[in-house]
Number of protein chains: 2
Amino acid sequence: MCATVRNPHTPAGARILDTASALFYERGIRAVGVDLIADEAGTTKKTLYDRFGSKDELVAAYLARRAERWIAFLTDYLAEHAPEPGPQRVLAVMDALKERMSGQDRGCAFVNAFAELGGTDHPGNAVIREDKHYMRSLFIRLVGEAGIPDPAAVGAHAHLLYEGAIVARTAGGLEGAYDEARAAMARLLAA
Amino acid sequence: MCATVRNPHTPAGARILDTASALFYERGIRAVGVDLIADEAGTTKKTLYDRFGSKDELVAAYLARRAERWIAFLTDYLAEHAPEPGPQRVLAVMDALKERMSGQDRGCAFVNAFAELGGTDHPGNAVIREDKHYMRSLFIRLVGEAGIPDPAAVGAHAHLLYEGAIVARTAGGLEGAYDEARAAMARLLAA
DNA sequence: CTGCGAGTATACAGACCGGTATGGTTATGT
DNA sequence: ACATAACCATACCGGTCTGTATACTCGCAG
């Protein structure tokens with residue numbers, strides 16, 4: 001029963017998802033074939049298709065897990081470094097981002113995926129939008145909890161700085177982008 | 001003589017570049033094959049390779065011309081709508097962006113290209129960085145000419161809002177992103 | 001009139017793509 | 001003891017990928 005939905009939570013399935021995630025992020029989705037993924041994961045294409053059904057669904061699983069892990073990291077980071085509401089808690093999101101992205105120069109996985117999948121009916125597109133909307137509403141919530149007026153607008157502005165920083169740092173190669181975005185955010189919150 | 005450098009400025013060469021540009025932007029670089037480009041341009045692969053040498057060089061030509069045209073559009077827009085230095089001239093960049101991107105929901109061509117080419121030695125990568133650096137220094141210059149203190153920092157902040165707006169609007173599907181970025185920019189310039 | 005650049009048309013090479021088929025092995029739980 | 005899930009190994013399918021080869025036509029400038 002349940003022929004369409006597979007269970008990827010097996011040792012080989014985990015290896016496949018780990019390998020695919022690294023390769024997709026590092027080289028791009030279309031640049032990585034299923035043969036390579038199976039090879040690098042020390043398994044076979046048969047197992048890959050038994051676990052995930054198709055490359056598209058594997059891509060969607062990659063994006064979904066990446067979003068899940070980033071949110072978990074961010075939540076933990078905020079709880080530890082900025083547990084109290086206030087402007088510092090908003091700025092701590094940028095600190096978390098900077099720490100998370102250190103050593104990763106391939107930018108935002110969701111923006112990159114959008115570049116390859118956008119405009120199609122690929123199952124990954126829903127995950128991409130979901131991530132952006134989550135970050136947007138997180139900023140709005142944090143700004144509101146900080147007692148800053150007009151949190152919908154100011155939170156949106158903070159979110160734009162967050163997104164812009166990732167692009168500027170990676171595609172633009174501008175090394176100070178995360179610090180700049182944090183400074184701009186502080187300025188906006190104080191205005 | 002001059003075997004490596006071809007001259008793409010011929011009728012068929014122009015058709016190929018036009019067709020390739022539209023397809024690359026709309027569907028992504030790796031998703032579009034040279035056969036399709038030649039077909040849609042009403043010519044042959046032979047001619048494509050005679051004019052551009054390789055797909056990689058055609059991609060680089062696509063990016064270079066896109067940057068060139070955007071800068072020309074932006075320069076004209078500023079000269080017409082905000083000829084005098086001042087904060088309004090900085091904000092006019094966002095107006096130009098909004099007008100330019102109306103009807104185009106596939107985001108920044110350079111960010112998209114970075115998603116597919118980043119981390120390689122593809123000739124297009126230089127064009128990508130060049131564009132981001134141009135926009136960065138343009139913002140710094142405009143902010144400086146407006147007489148605003150610390151133009152290096154404030155210009156950088158404006159640039160981050162600019163980049164973030166494109167991502168939020170396209171990958172994130174957030175329709176008000178350009179207006180939000182303009183408002184945030186005004187707020188920053190006034191602070 | 002002749003040489004050349006530009007273009008058309010078609011076929012091919014060699015690799016890689018996503019996906020399927022067949023068949024055998026091992027571990028586990030009933 | 002027997003089914004089942006998970007896995008490995010290998011071969012294959014039709015299609016597409018970038019890039020090259022061959023051979024022809026046309027217009028133009030020296």
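Note that this is a predicted model, so its numbers are computed, not measured. Values reported hereafter were calculated over all heavy atoms of this structure, with side chains retained and with hydrogens, waters and symmetry mates removed.
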Write down the distance between [atom1] ([X]) and [atom2] ([N]), rounded to a whole number of angstrom.
X: Lys45(A); N: dG18(C); atom1: NZ; atom2: C1'; value: 7 Å
X: Asp39(A); N: dG18(C); atom1: CG; atom2: P; value: 13 Å
X: Phe52(B); N: dT20(D); atom1: CZ; atom2: C1'; value: 19 Å
X: Tyr49(B); N: dA13(C); atom1: OH; atom2: P; value: 17 Å
X: Leu48(A); N: dT20(C); atom1: CG; atom2: C1'; value: 13 Å
X: Glu40(A); N: dC8(D); atom1: CD; atom2: C1'; value: 18 Å
X: Arg30(A); N: dC16(C); atom1: CZ; atom2: C1'; value: 13 Å
X: His9(B); N: dG7(C); atom1: NE2; atom2: C1'; value: 18 Å

Strictly below 4.0 Å: does [X] bring a side-chain N or O up to OP1 or OP2 of [N]?
X: Ser54(B); N: dT18(D); answer: no
X: Arg51(B); N: dG7(C); answer: yes
X: Lys46(A); N: dC8(D); answer: no
X: Thr10(B); N: dG7(C); answer: yes

Between Leu36(A) and Arg27(A), what is the shortest heavy-atom contact and its length?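 The pair with the smallest heavy-atom distance is CD2-NH1, 3.5 Å.
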
Taking any heavy-atom pair under 4.0 Å as a contact, classify [X]: base, sugar-phosphate, or nothing.
X: Thr44(A); value: base
X: Gly42(A); value: sugar-phosphate
X: Arg15(A); value: sugar-phosphate
X: Asp50(B); value: nothing

Here's one to test your reading of the geometry: is the NZ or CZ of [X] within 45 degrees of the ring axis of [Y] and under 6.0 Å from its centre?
X: Arg66(B); Y: Phe110(B); answer: no
X: Arg106(A); Y: Phe114(B); answer: yes
X: Arg100(B); Y: Phe73(B); answer: yes

Which residue lies toward the 5' end of DNA chain D, Ala41(A) or Asp35(A), if each is placed at its nearest nucleotide?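 Comparing both residues, the 5'-ward one is Ala41(A).
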
Looking at Arg15(B) and Ala41(B), would you say the former's side chain and the latter's main chain have a donor-acceptor pair under 3.5 Å?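 Yes; at least one donor-acceptor contact below 3.5 Å.
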
Between Ala12(B) and Lys55(A), which has a closest nucleotide on DNA chain C that is more 5'? Ala12(B)

